2 protein chains.
Amino acid sequence: MSQSTQDQRKYQILDAALEVIVRKGYEGSSMSDIVKKSKLSKGAIYWYYSSKKEVYLALVNHWVHQYSPTLNLIIEDNQPASVQLKGLFNFFITQYETDPTIFKAIAVFWSLAGRDNDFKEKFDKVYSEFFTLIEKIIIKGVESKEFKNIDTKIAALSIMVNIESAIWFTLFENYGISATKYMETITDFILAGLIK
Amino acid sequence: MSQSTQDQRKYQILDAALEVIVRKGYEGSSMSDIVKKSKLSKGAIYWYYSSKKEVYLALVNHWVHQYSPTLNLIIEDNQPASVQLKGLFNFFITQYETDPTIFKAIAVFWSLAGRDNDFKEKFDKVYSEFFTLIEKIIIKGVESKEFKNIDTKIAALSIMVNIESAIWFTLFENYGISATKYMETITDFILAGLIK
DNA sequence: TAAAATAAACCGACCGGTCGGTCTATTTTA
DNA sequence: TAAAATAGACCGACCGGTCGGTTTATTTTA
């Protein structure tokens, strides 16, 4: 079997795993659930992954790899820091509108990271990269005098938190606020606080 | 057995349940875990609660009841809205410093609410009350001309999100930012954006 | 001593993971 | 080049063990 066909099988498994973990949680979901969703057999899944945990750990990478090209594009184009930040927010707003599933999954992995070290380490890596990316943009903005002379770490974390807050809307759509409008307003608010 | 002794037994069970759910998650934890931690028997726990789910649902109320007196105190004293908001933030910063366990539990319930309707409803109620409380403060601030004429719902949600962001620090203490310093800075930042 | 509370033995359902075996495609043999 | 051998991909029945919940027996309380 060719490499790409193998990859496709893996995607088939991971796509199923994503749906399953969102609907049933980590311990609450079984390999049989993934088997059913993926339309493969138990044997097939254990052929590609050695354990339930390995499937879900791979799922974290899976979605990070889906994001990183776009994120890198945002940094690499040579626009003002504020435009880049806005691009970042827009990307996640669009992502949320297209398919909020991943945000739901993040909530699951989140609570998982709190009690399982393997997941914590994986998450740590993913978020520290994301954090560094945001901080880079901010440092650039400060150096070019576009931004005020703020604490870049705190600003970066704050932006990360507010992006992640889209998770809220996967649960509560009913506070009379639309997710998109909220995110847009928050973006402007944060930028207003940053820009000189 | 007297009412208060019964209550104490319930607390004993819920305190154990809190520790257990944080360490093992919802489906990942068993009644036997709670039995062990609480130093009671299975029979005793099923005497007070009819199911595992009911124990954990009660746990949500348990912690809300611990918070609400303080929160009500904050609103009832007749201080400027900005002082009240600051009091709110301080309360949660102190809470986090004293014992971040509850923030970890919130992450678990969070992901649970995404897939279980009973937990979603419970959470919905809790958060909409909290949300209303914050919005009330903001409306007051707007009416007294202390705050700018902003969208009170968006502002309230934003404050709620930023309070909850303390959850981050239960996972990642290592971005070179102290939780307290971060929360204090964010408070000032938000207030600066609100105040005229 | 009746009712309330606790303890512990127990049950059927289900779980993660294993394993013997099948099917198909490619490679080796004669 | 036809037959035999090998290897990779895949299947699903099955196993040991755990789980949530029930039942039954015992102790404590009032």
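Please read these numbers as outputs of a predicted model, since none were measured by experiment. Residue numbers start from 1 in every chain, and the chains themselves are labelled A, B, ... in the order their sequence lines are given, proteins ahead of strands.
- With rounding to whole Å, B:Y46 atom OH is found 12 Å from D:dC19 atom P.
- A:K181 places no side-chain N or O within donor-acceptor distance of the main-chain N or O of B:I154, the cut-off being under 3.5 Å.
- Judged as a salt bridge (charged side-chain N to carboxylate O under 4.0 Å, His left out), the pairs with a partner in residues 82-109 of chain B (not counting sequence neighbours) are, in order, B:K86-B:D188.
- The residue from A:Y56, A:Y26, A:W110 that alone fulfils the ring-ring contact (aromatic ring centres under 6.0 Å, His included) condition with A:F119 is A:Y26.
- Near-neighbour residues of DNA chain C inside residues 19-37 of chain B, defined by a heavy atom below 4.0 Å, are absent.
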Where do N or O atoms of nucleotides 11-15 of chain D meet protein N or O atoms at under 3.5 Å, pair by pair?
from	atom 1	to	atom 2	distance (Å)
D:dC11	OP2	A:S41	N	2.9
D:dC11	OP2	A:S41	OG	2.7
D:dC11	O5'	A:S41	OG	3.2
D:dG12	O6	A:G43	N	3.4

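- Taking a pair to require two hydrogen-bonding distances under 3.5 Å in either a Watson-Crick or a G-U wobble arrangement, C:dT1 pairs with D:dA30.
- Using cut-offs of 30° and 60° on the angle between ring planes, the pair A:Y127 and B:W168 is perpendicular.
- Ring-plane geometry between B:Y67 and B:F92 is classed as perpendicular, the angle between the planes exceeding 60 degrees on a 0 to 90 degree scale with a lower cut at 30.
- At a threshold of 4.0 angstrom between heavy atoms, the contacts of A:S50 with the nucleic acid are absent.
- Of the candidates C:dT18, C:dT6, D:dA9, C:dT6 carries the atom nearest the B:Y48 side chain, counting heavy atoms from C-beta on.
- A 3.5 Å limit on both hydrogen-bonding distances identifies D:dC14 as the Watson-Crick or G-U partner of C:dG17.
- By the side chain to side chain donor-acceptor pair (under 3.5 Å) test, A:S30 pairs with A:D33, sequence neighbours left out.
- A:W47 places its CH2 atom 15 Å from the P atom of C:dG20, with the value rounded to the nearest Å.
- B:V83 forms part of no hydrophobic cluster, judged by ILVMFWY side-chain heavy-atom separations under 4.5 Å.
- Evaluation of the side chain to side chain donor-acceptor pair (under 3.5 Å) rule for A:N61 yields no partner, not counting sequence neighbours.
- Closest to the side chain of B:R9, out of D:dG20, C:dG17, C:dT6, is C:dT6.
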